[in-house]
Amino acid sequence: QVELVESGGGLVQAGGSLRLSCTFSGQTFSMYVMGWFRQAPGKEREFVAAINWSGGRDYYADSVKGRFTIFRDNAKNTVYLQMNSLKPEDTAVYYCAADRAGTSATRLVEYDYWGQGTQVTVSS
């Protein structure tokens, strides 16, 4: 059984930066596409970023492109989300997810396993 544990969330001022981490255990990390999603109060969970098995290809939502970077370290079984130039609208619970099949990295329903989430709050 796969377990995902996120960390790194917190409170930051607009324009600031945070780095989220997600540690993976239970199966072979390098066989999974990894994604980050977020859910703001009263809104549906939405795609933020994803990265393929090797780390050679990544995907971003338009709202975060140019500000966020996803990367992974397969030796450490960890995926990261570097968030720069944060805005109040980035405030949400951020979830890490793992997808074994990798057929559509941006689609929430494709993901097999989810972490418990970490809160990111950006003050104006």
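All values reported here derive from a predicted model rather than from experimental measurement.
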Derivation and outcome, side-chain contact (heavy atoms from CB on, under 4.5 Å), residues Y94 and Q39: CA-CA 7 Å; Y94 283 70; Q39 188 166 17; over 6 Å; no
Point-to-point distance, once rounded to the nearest 0.5 Å, from [atom1] of [X] to [atom2] of [Y]:
{"X": "S124", "Y": "K87", "atom1": "OG", "atom2": "NZ", "answer": "14.0 Å"}
{"X": "Q27", "Y": "E3", "atom1": "CD", "atom2": "CD", "answer": "12.5 Å"}
{"X": "W53", "Y": "Y32", "atom1": "CH2", "atom2": "OH", "answer": "12.0 Å"}

With side chains defined as the heavy atoms from C-beta onward, is the minimum distance between [X] and [Y] less than 4.5 Å?
{"X": "R100", "Y": "M31", "answer": "yes"}
{"X": "D73", "Y": "Y80", "answer": "yes"}
{"X": "V33", "Y": "I51", "answer": "no"}
{"X": "D112", "Y": "V2", "answer": "no"}
{"X": "F71", "Y": "D58", "answer": "no"}
{"X": "T121", "Y": "V12", "answer": "no"}
{"X": "M34", "Y": "F29", "answer": "yes"}

Passing candidate, side chain to side chain contact (heavy atoms under 4.5 Å, CB included) with C96, options T78, L20, V79, T23: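 Testing C96 for a side chain to side chain contact (heavy atoms under 4.5 Å, CB included) against T78, L20, V79, T23 leaves exactly one candidate, V79.
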Within 45° cone and under 6.0 Å: R45 NZ/CZ vs Y95 ring: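 Geometry flag: set, cation within 6.0 Å and 45°.
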Main-chain N/O of V93 paired with R38 side-chain donor or acceptor, under 3.5 Å: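 Not a single qualifying donor-acceptor pair exists.
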R72 side chain vs N52 backbone, donor-acceptor pair below 3.5 Å: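 Judged by distance alone, yes, a pair lies under 3.5 Å.
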What pair of heavy atoms forms the shortest contact from [X] to [Y], and how long is it?
{"X": "Q119", "Y": "A92", "answer": "NE2-O, 3.4 Å"}
{"X": "V122", "Y": "T91", "answer": "N-OG1, 2.9 Å"}
{"X": "R67", "Y": "L86", "answer": "NH1-CA, 3.9 Å"}
{"X": "T106", "Y": "F47", "answer": "O-CB, 3.5 Å"}
{"X": "N84", "Y": "S17", "answer": "OD1-OG, 2.9 Å"}
{"X": "P88", "Y": "A14", "answer": "CD-CB, 4.1 Å"}

Cluster link V48 to Y113, ILVMFWY, side chain under 4.5 Å: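 In one cluster: yes.
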Sequence-distant partners of E6, salt bridge (charged side-chain N to carboxylate O under 4.0 Å, His left out), two or more places apart: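 Here no residue qualifies.
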Worked verdict on L81 versus R19 for side-chain contact (heavy atoms from CB on, under 4.5 Å): CA-CA 6 Å; L81 185 68; R19 178 178 290 184; over 6 Å; no
Centroid-centroid under 6.0 Å between Y111 and F37 rings: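 They qualify: ring centres under 6.0 Å apart.
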Ring center gap for Y60 and F68 short of 6.0 angstrom: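 They do not qualify: ring centres at least 6.0 Å apart.
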Polar contact flag, side-chain donor to acceptor under 3.5 angstrom, S30-N74: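 Judged by distance alone, the side chains do not pair up.
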Salt bridge flag under 4.0 Å for residues K65 and D62: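 Salt bridge between K65 and D62, a charged N being under 4.0 Å from a carboxylate O: yes.
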